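Beneath this line is the structure, given in structure tokens, with notes to follow.
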Amino acid sequence: MNYRHAFHAGNHADVLKHVVLLAICDALALKPAPCFALDTHAGAGLYSLVDDAARRTGEAEAGIGRLLAAPPAVPAIARYLDAIAACRAAHGADAYPGSPWLLAHALRAQDRIACCEIEPGALAALRQAVGRDPRVAVHARDGYEACRALLPPRHGAQKFARGLVLIDPPYEAQRAEFDVALPAMRDALSRWPQATQALWYPIKQRRTLTPFLRDAGRLQSRSTLVVELLVRGDDSPLRMNGSGLLLVDPPWSLADALAPALDALRRTLGEAGADTRLHWLREPA
């Protein structure tokens, strides 16, 4: 595997993904019953935006850097920036949290989290970042295999009726990744139908996503929502022009919470041709 997220930490795709992730976690936490989160491709859990990898690309400057310089007054974005501030209070002014850190930050004492990673360096860093948290189990295993092995979730005798499956793979070959991710989501639906699932994906040219979205619309969910942010026109297949999340059975209030956040992200992070999409592939009944 050639992909290393340290080059991309804090970029526009991370901003979108983490705004959505925290909004889901906060919706889950509205009810007192414990919930469970599975992060299938967890990465290192915590990053420095001044290390060589981040400085080489400079992607964070156009992502979290731009947002911090002009923070929009939108609740979902304010929630995200509060989490960034908490991470930096704990780990230094140049820290940026990965999804495992944010899950541990947003969820509660009664909740449980499983994080999967197979790359040895990222796995060691992940254990350092969140492995001491008694709510978090770090697994050295393939994330798709973990969907089969860990769902439906249990912790001792406790079962979890609610929760989240976050699938955030490296996409070294996009179509091939979709061919693995969608069957994994279909299987997770059969094993744990009460959960919300979130699949992150990069966007180079939107039109190439048509087969994937058509297949995603056939998932037998109660509802399926697409959330996308393009920070520039999608006329180049050579760079990531935006990203999106496919949300299966999202919390009922999520779309309303994300609509103003998407517009604010487009205005703050976007260049010429920036665009957003908030679209139901399957509307809730």
Side-chain angles (χ1 to χ4, degrees), residues 17-18 20-42 99-100 102-104 106-108 110-116 135-137 139 141-169 177-201 209 211-228 244-258 278-285:
K17 175 173 50 184
H18 293 155
V20 174
L21 175 63
L22 288 168
I24 293 172
C25 288
D26 289 349
L28 289 172
L30 289 175
K31 295 183 178 180
C35 60
F36 175 86
L38 170 61
D39 190 341
T40 64
H41 298 74
S99 51
L102 289 170
L103 287 168
L107 296 180
R108 305 156 300 174
Q110 66 266 40
D111 301 325
R112 294 294 179 268
I113 304 162
C115 299
C116 301
R135 302 168 301 157
V136 180
H139 296 264
R141 72 193 313 170
D142 175 77
Y144 294 123
E145 187 275 330
C147 289
R148 296 187 295 272
L150 302 180
L151 302 180
R154 290 175 178 266
H155 181 71
Q158 185 175 38
K159 299 179 181 179
F160 296 86
R162 301 160 53 252
L164 168 67
V165 178
L166 173 63
I167 304 175
D168 179 18
E177 197 73 59
F178 289 150
D179 290 343
V180 179
L182 284 177
M185 297 181 82
R186 189 175 297 111
D187 183 62
L189 263 172
S190 69
R191 293 173 182 274
W192 194 26
Q194 308 96 319
T196 294
Q197 296 187 62
L199 172 65
W200 178 87
Y201 55 91
L209 297 173
F212 157 66
L213 293 174
R214 183 177 59 243
D215 292 345
R218 299 190 182 111
L219 291 171
Q220 295 303 304
S221 61
R222 296 182 301 277
S223 62
T224 303
L225 180 66
V226 169
V227 182
E228 293 181 352
L245 290 110
L246 175 71
L247 303 179
V248 170
D249 295 326
W252 68 270
S253 60
L254 190 72
D256 290 339
L258 291 181
L278 189 65
H279 172 67
W280 291 102
L281 297 180
R282 183 185 291 264
E283 291 197 50

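Bear in mind the structure is a predicted one, so any value in this text is a computation, not a measurement. What's counted below: heavy atoms across the whole structure, side chains too, no hydrogens, waters or symmetry copies.
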Trace of the side-chain contact (heavy atoms from CB on, under 4.5 Å) decision for Leu278 with Val226: CA-CA 6 Å; Leu278 189 65; Val226 169; over 6 Å; no
Chi angles and distances behind the side-chain contact (heavy atoms from CB on, under 4.5 Å) call for Ile167, His41: CA-CA 6 Å; Ile167 304 175; His41 298 74; 4.3 Å; yes
side-chain contact (heavy atoms from CB on, under 4.5 Å) assessment of Leu213 paired with Tyr201: CA-CA 11 Å; Leu213 293 174; Tyr201 55 91; 4.3 Å; yes
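Under the side chain to side chain donor-acceptor pair (under 3.5 Å) criterion, His155 pairs with Arg112, sequence neighbours left out. In terms of the salt bridge (Lys or Arg N to Asp or Glu O under 4.0 Å) criterion, Arg282 has no residue partners (sequence neighbours excluded). Scanning for ring-ring contact (aromatic ring centres under 6.0 Å, His included) contacts around His18 gives Tyr96, with sequence neighbours left out. For the side-chain contact (heavy atoms from CB on, under 4.5 Å) test, residues two or more places apart in sequence or in another chain that qualify with Arg218 are Arg214, Asp215. In this structure Phe160 satisfies the ring-ring contact (aromatic ring centres under 6.0 Å, His included) test together with Phe36, sequence neighbours excluded.
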Please tabulate, for side-chain N and O atoms in residues 247-256, each donor-acceptor pair with protein atoms closer than 3.5 Å (sequence neighbours left out).
unit_1 : atom_1 : unit_2 : atom_2 : d
Asp249 : OD1    : Arg222 : N      : 2.7
Asp249 : OD1    : Ser223 : N      : 2.9

Scan the side chains in residues 143-153 for donor-acceptor partners under 3.5 Å anywhere in the protein, sequence neighbours excluded, and list what turns up.
unit_1 : atom_1 : unit_2 : atom_2 : d
Tyr144 : OH     : Glu177 : OE2    : 2.7
Glu145 : OE1    : Arg141 : NE     : 2.9
Glu145 : OE1    : Arg141 : NH2    : 3.2
Glu145 : OE2    : Arg141 : NH2    : 3.2

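Gln197 places no side-chain N or O within 3.5 Å of a backbone atom of Val165 that could act as its donor or acceptor partner. Listed for the Gln110 side chain is a donor-acceptor partner under 3.5 Å among the backbone atoms of Pro32.
Minimum heavy-atom separation, Pro193 to Ser190: CD-O, 4.2 Å. When all heavy atoms of Leu199 and Pro169 are compared, the closest pair comes out as CD1-CD, 4.1 Å. Across Ala37 and Leu103, no two heavy atoms sit closer than the pair CB-CD2, 4.0 Å.
Pairs of residues two or more places apart, or lying in two chains, that qualify as side-chain hydrogen bond (donor to acceptor under 3.5 Å, both in side chains) and include a residue from residues 157-168 are Lys17-Asp168. Residue pairs meeting the side-chain hydrogen bond (donor to acceptor under 3.5 Å, both in side chains) criterion with at least one partner in residues 22-40, sequence neighbours excluded, are Asp26-Arg79, Asp39-Ser99. The stretch residues 178-188 participates, sequence neighbours left out, in these side-chain hydrogen bond (donor to acceptor under 3.5 Å, both in side chains) pairs: Arg175-Asp179, Asp187-Arg191.
Side-chain contact between Trp200 and Leu246 is absent, with no heavy atoms from C-beta onward closer than 4.5 Å. A heavy-atom distance below 4.5 Å is not found between the side chains of Cys35 and Leu164. Taking 4.5 Å as the limit, every side-chain heavy atom of Trp192 sits out of range of all side-chain heavy atoms of Leu38. Leu209 is listed as a side-chain neighbour of Glu228, based on a closest heavy-atom distance under 4.5 Å.
Residue-environment remark: CZ (Arg108) exceeds the threshold of 12 foreign heavy atoms within 6.0 Å.
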